Amino acid sequence: MGSALGFRTLCDNPLHHNIQWERLHMTAQLIDGKALARSMEAKLAERIRALPRKPVLAVLLVGEDPASRVYVRNKVLACERTGIESRSVHLPETATEEDVIRQVRAWNEDPTVDGILVQLPLPRGIDAQRVIETVALEKDVDGFHVGSAGALVTGREGFRPCTPSGVMEMLESIGYELRGKHALVIGRSNIVGKPMAMMLLEKDATVTVAHSRTPNTKELALAADVIVAAAGRADLVTADMVKPGAVVIDVGMNRRPDGRLCGDVADDVRDAAGWLTPVPGGVGPMTIAMLLVNTVRSAEMRLLAQ
Ligand code: NAP
């Protein structure tokens, strides 16, 4: 990577207290998630043309959360662009857990449905985990089912969660070799941080996971070749935490007080990182692209196996 040329290391051990880098200004190369997502959609469209019918993604939205409505709309639009049929059901805020589960079960039994997505968060009083466990494993295109999580941990076939899968595609798109590298994942949620750590491990990186109780995140970050920030805290990762030339993946989606969308990575990281994902236009579009990939894969397994 060209980034290695942008600094001179005065101290070989990045964990050393007296670490000093003589920083020559560098500008990170951006990994364009939107462009990568569009090129993946084009490839999926070709695969879809080889199927006897369109893949079908069933999408359940419950309640009136405005952010969830936007996410669902973006997923439906991506389906339309690619040639996937989406079937959306919107239940009111007052829907019960049983109402939600009944809808999921109906889709489980419908042979024309390939993937089921339950948009989270669900309204208070509905046990999201119970709903997710109701989704048939072979239609769990979000990869949140405990069976999908178990498959990931044990290295078996299964649907992988979309956000960390999108991050892996982005790393692959720049030809980044993870083997032997030190990766730091900031965040340990079931949908991003933990599966992210597993996927990096699967590719032979040495992985550290930081969370809100980690006292030395900065020190860990300075030792990392790859940082995946998924904490949901604006400006959590600053330039002084980044080893010059490191790859910095910004999963965070936050709103500044003025309403602007931002990630977890501060603007000045551009001057330290070798590669950086933008927000918006980075991990977000790739998350949706991976949902489409999982849906098409599910349809292929159902339709081409017959
Ligand atoms: P989450 O469930 O709230 O988890 C956040 C994680 O970050 C937790 O593990 C938390 O630690 C950790 N954390 C919080 N503050 C921290 C700090 N100061 N230092 C280190 N760790 C800290 O969130 P999530 O669902 O994983 O999502 C994370 C972010 O990614 C959010 O901004 C979300 O909007 C975004 N996201 C984006 C996409 C996309 O497509 N771009 C998809 C999913 C999520 P504890 O476990 O100790 O509380």
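Scope of the values below: all heavy atoms of this structure, side chains included, with no hydrogens, waters or symmetry mates. Order of listing sets the numbers, starting from 1, for every ligand and every atom in it. Bear in mind that the values here come from a model prediction, so they are computed numbers and not experimental data.
- For the side-chain contact (heavy atoms from CB on, under 4.5 Å) criterion with Phe144, the lone passing option out of Val135, Asn190, Ile132 is Ile132.
- Not a single salt bridge (charged side-chain N to carboxylate O under 4.0 Å, His left out) links Glu172 to another residue, sequence neighbours left out.
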Report, one line per pair, each donor and acceptor closer than 3.5 Å where one atom sits in a side chain of residues 156-163; sequence neighbours left out.
from, atom 1, to, atom 2, distance (Å)
Glu157, OE1, Arg297, NH2, 3.4
Arg160, NH1, Arg156, O, 3.0
Arg160, NH2, Arg156, O, 3.2
Arg160, NH2, Glu202, OE2, 3.1
Thr163, OG1, Thr287, OG1, 3.1

Side-chain polar contacts of residues 113-122 - donor-acceptor pairs under 3.5 angstrom, sequence neighbours left out - could you list them?
from, atom 1, to, atom 2, distance (Å)
Asp114, OD1, Arg53, NH2, 3.2
Asp114, OD1, Arg302, NH1, 2.9
Asp114, OD2, Arg53, NH1, 2.9
Asp114, OD2, Val56, N, 2.8
Gln119, OE1, Lys75, NZ, 2.8

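- Within 4.0 Å of ligand 1, heavy atoms belong to protein residues Thr163, Ile186, Gly187, Arg188, Ser189, Ile191, Val192, His211, Ser212, Ala230, Ala231, Gly232, Arg233, Leu236, Val251, Gly252, Met253, Asn254, Val283, Gly284, Thr287.
- At a threshold of 4.5 Å between non-hydrogen side-chain atoms, the residues His90 and Arg69 count as touching.
- With 3.5 Å as the limit, one finds a donor-acceptor pair spanning the side chains of Ser148 and Asp140.
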